[in-house]
Colleague: 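Supplied in structure tokens, the structure appears directly below.
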Amino acid sequence: MEHVTSVAAMRSKADEMRREGKRIGFVPTMGYLHEGHLDLARTLRPLCDCVVVSIFVNPSQFGPGEDLQRYPRDLERDSNLAEDAGCDLLFVPTAEEMYPAGARTWVTVEGLGAVLEGAFRPTHFRGVATVVTMLFNIVKPHMAAFGQKDAQQALIIRRMVRDLHMDVELCIVPTRREADGLAMSSRNTYLSGSERNEALAISRSLRIAREAFAAGEHRVAALRERMTEELTATGALLLDYLAFVDAETLEDVTTIDDRPVLVAIAARIGTTRLIDNTILGEQAFAQ
Ligand code: AMP
């Protein structure tokens, strides 16, 4: 598997592949790869001639006091995992080249980027939308894959691609979980043994909501109460939010009637912040 670090080299590689009529699939990541990331690559593998994975811990999507410095990094491990998953090229740019001195252009998806995660991380989605735009311009993919684990991010990228007429087809891939339900995340490495146990309340509460919904409970207040009970049982978990929102518009809902609803959680355990989500009514209200 080829490693490319400079923007110019990645660009000419992409141009060459396009000239040869090859379809480029792209998986943007911040590295410290896990099976969730690899699922994205595996989804694109049969659909593309070349699968590019980028590894870039993007400074502009971290706020002051967040975990930019301590974010886990291990390029050798990532390289082996990506190769085993069938990736063809690893793009590992530097922050200096991605953000040259004087850069002052941002991509902002209004509204969708201000709620949920955006309310707690005000500059986060601006950083995400901007870096994904840069990466699309450099890697020139035909297709790109994103995880449902970051549901709001997936929605924002989808809207950005539509609004800016970007010529990229998106694949949104289901959340990969550990056997006990914990959503895979590079940040899980921060958790101590007991914190990891406590974190399971997040996926358990989402399962409780799915089961209650399937059994006919469509009132958000009732679902919220059952979930909150589970989330607060040990007192170890600090909830940033538990939100029930329209899965397309991200507007708050009070009942789950005729459109899919995103149930999204952000919680802190010690110094680690985790997010997870599920969609209720996706099949029931499929258009
Ligand atoms: P990150 O490295 O956290 O920026 O994530 C890179 C991509 O992998 C994003 O599109 C994420 O949504 C996706 N991703 C992260 N965790 C998971 C997971 N557990 N299952 C599926 N996709 C994931």
Side-chain angles (χ1 to χ4, degrees), residues 1-58 61 73-100 105 107 109 127-150 153-176 184 186:
M1 187 183 53
E2 198 173 339
H3 283 216
V4 173
T5 49
S6 87
V7 168
M10 184 64 241
R11 277 224 163 97
S12 54
K13 195 75 209 167
D15 287 340
E16 185 188 313
M17 287 189 283
R18 280 186 167 257
R19 262 198 311 277
E20 291 168 357
K22 291 186 174 155
R23 275 181 76 73
I24 304 173
F26 180 42
V27 181
T29 83
M30 297 207 299
Y32 213 70
L33 301 181
H34 51 66
E35 288 296 319
H37 295 119
L38 301 177
D39 277 351
L40 307 191
R42 291 187 196 108
T43 301
L44 295 182
R45 184 63 282 171
L47 306 173
C48 299
D49 300 300
C50 176
V51 176
V52 178
V53 172
S54 67
I55 295 182
F56 181 57
V57 183
N58 172 36
Q61 70 188 69
R73 293 161 168 91
D74 189 339
L75 187 55
E76 198 181 319
R77 178 179 166 278
D78 285 348
S79 175
N80 291 328
L81 288 171
E83 182 154 26
D84 289 348
C87 300
D88 302 292
L89 196 153
L90 210 56
F91 177 46
V92 193
T94 63
E96 291 70 29
E97 207 187 358
M98 289 293 276
Y99 294 97
T105 304
V107 179
V109 179
V128 169
T130 303
V131 82
V132 170
T133 301
M134 289 182 192
L135 290 167
F136 281 0
N137 284 336
I138 298 164
V139 176
K140 308 181 190 187
H142 297 81
M143 302 186 80
F146 292 84
Q148 180 60 26
K149 157 79 166 44
D150 298 279
Q153 168 175 285
L155 206 62
I156 284 171
I157 301 294
R158 198 182 275 295
R159 183 60 67 91
M160 175 185 88
V161 163
R162 199 189 77 179
D163 290 353
L164 298 183
H165 303 279
M166 292 179 170
D167 196 9
V168 184
E169 189 182 331
L170 300 179
C171 288
I172 310 301
V173 178
T175 302
R176 179 73 168 243
M184 288 190 182
S186 309

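Numbers here simply count residues along the sequence, with the first being 1. All heavy atoms count here, side chains included; hydrogens, waters and symmetry mates do not.
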Colleague: Do you know which of Ile55, Leu90, Leu89 makes side chain to side chain contact (heavy atoms under 4.5 Å, CB included) with His3?
Modeller: Leu90

Colleague: Atom NZ of Lys149 and atom CG of Leu40: how far apart are they, to the nearest 0.5 Å?
Modeller: 11.5 Å

Colleague: Below 4.0 angstrom, N of the basic side chain to O of the carboxylate: do Arg45 and Asp88 qualify?
Modeller: yes

Colleague: Say you draw a straight line from OG1 of Thr43 to CZ of Phe146; how long is it, rounded to the nearest 0.5 Å?
Modeller: 13.0 Å

Colleague: Taking all atoms of both residues into account, what is the closest heavy-atom pair of Val4 and Ser6, and its distance?
Modeller: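 Between these two residues, the closest heavy atoms are CG1-O, 3.6 Å.
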
Colleague: Is there a donor-acceptor pair under 3.5 Å between the side chain of Glu97 and the backbone N or O of Val7?
Modeller: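 Yes; at least one donor-acceptor contact below 3.5 Å.
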
Colleague: Does a salt bridge link Arg42 with Asp39, judged by any charged N lying under 4.0 Å from a carboxylate O?
Modeller: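 Here Arg42 pairs with Asp39 in a salt bridge, since their nearest N and O are under 4.0 Å apart.
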
Colleague: Taking atom CZ of Arg19 and atom CE of Met17, what is their separation to the nearest 0.5 Å?
Modeller: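 Output value for this atom pair is 11.0 Å.
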
Colleague: Applying side-chain contact (heavy atoms from CB on, under 4.5 Å) to Thr133 and Met160, what does each step give before you reach the verdict?
Modeller: CA-CA 9 Å; Thr133 301; Met160 175 185 88; 3.4 Å; yes

Colleague: Just jot down the side-chain hydrogen bond (donor to acceptor under 3.5 Å, both in side chains) partners of Glu16, sequence neighbours excluded, or say none.
Modeller: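 If we apply the side-chain hydrogen bond (donor to acceptor under 3.5 Å, both in side chains) test to Glu16, skipping adjacent residues, there are no hits.
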
Colleague: For a 4.5 angstrom cut-off between non-hydrogen side-chain atoms, does Phe26 reach Val168?
Modeller: no

Colleague: Hey, does Asp78 have a side-chain heavy atom less than 4.5 Å from the side chain of Val53?
Modeller: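 Result no, sub-4.5 Å side-chain heavy-atom pair not found.
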
Colleague: With distance as the sole test, does Thr130 use its side chain to make a donor-acceptor pair with the main-chain N or O of Val107 at under 3.5 Å?
Modeller: yes

Colleague: Where is the tightest heavy-atom contact between Cys48 and Gly25, given as atom of each residue plus distance?
Modeller: SG-CA, 3.5 Å

Colleague: Do Ser79 side-chain atoms and Leu75 backbone N/O form a donor-acceptor pair below 3.5 Å?
Modeller: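 Checked: no pair found.
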
Colleague: Using side-chain heavy atoms (C-beta onward) and a distance below 4.5 Å, is Phe91 in contact with Pro28?
Modeller: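 When only atoms from C-beta onward are counted, Pro28 and Phe91 do not touch, as no gap falls below 4.5 Å.
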
Colleague: For the pair Thr29 (side chain) and Ser54 (backbone), establish whether a donor and an acceptor sit closer than 3.5 Å, ignoring hydrogens and angles.
Modeller: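 At least one qualifying donor-acceptor pair exists.
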
Colleague: With distance as the sole test, does Asp74 use its side chain to make a donor-acceptor pair with the main-chain N or O of Arg77 at under 3.5 Å?
Modeller: yes

Colleague: Could you tell me whether the side chain of Arg18 and the main chain of Lys140 form a donor-acceptor pair under 3.5 Å?
Modeller: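 Here the side-chain-to-backbone pair exists.
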
Colleague: Can you pull out every ring-ring contact (aromatic ring centres under 6.0 Å, His included) where at least one residue sits in residues 35-56? Sequence neighbours excluded, please.
Modeller: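 For residues 35-56: His34-His37.
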
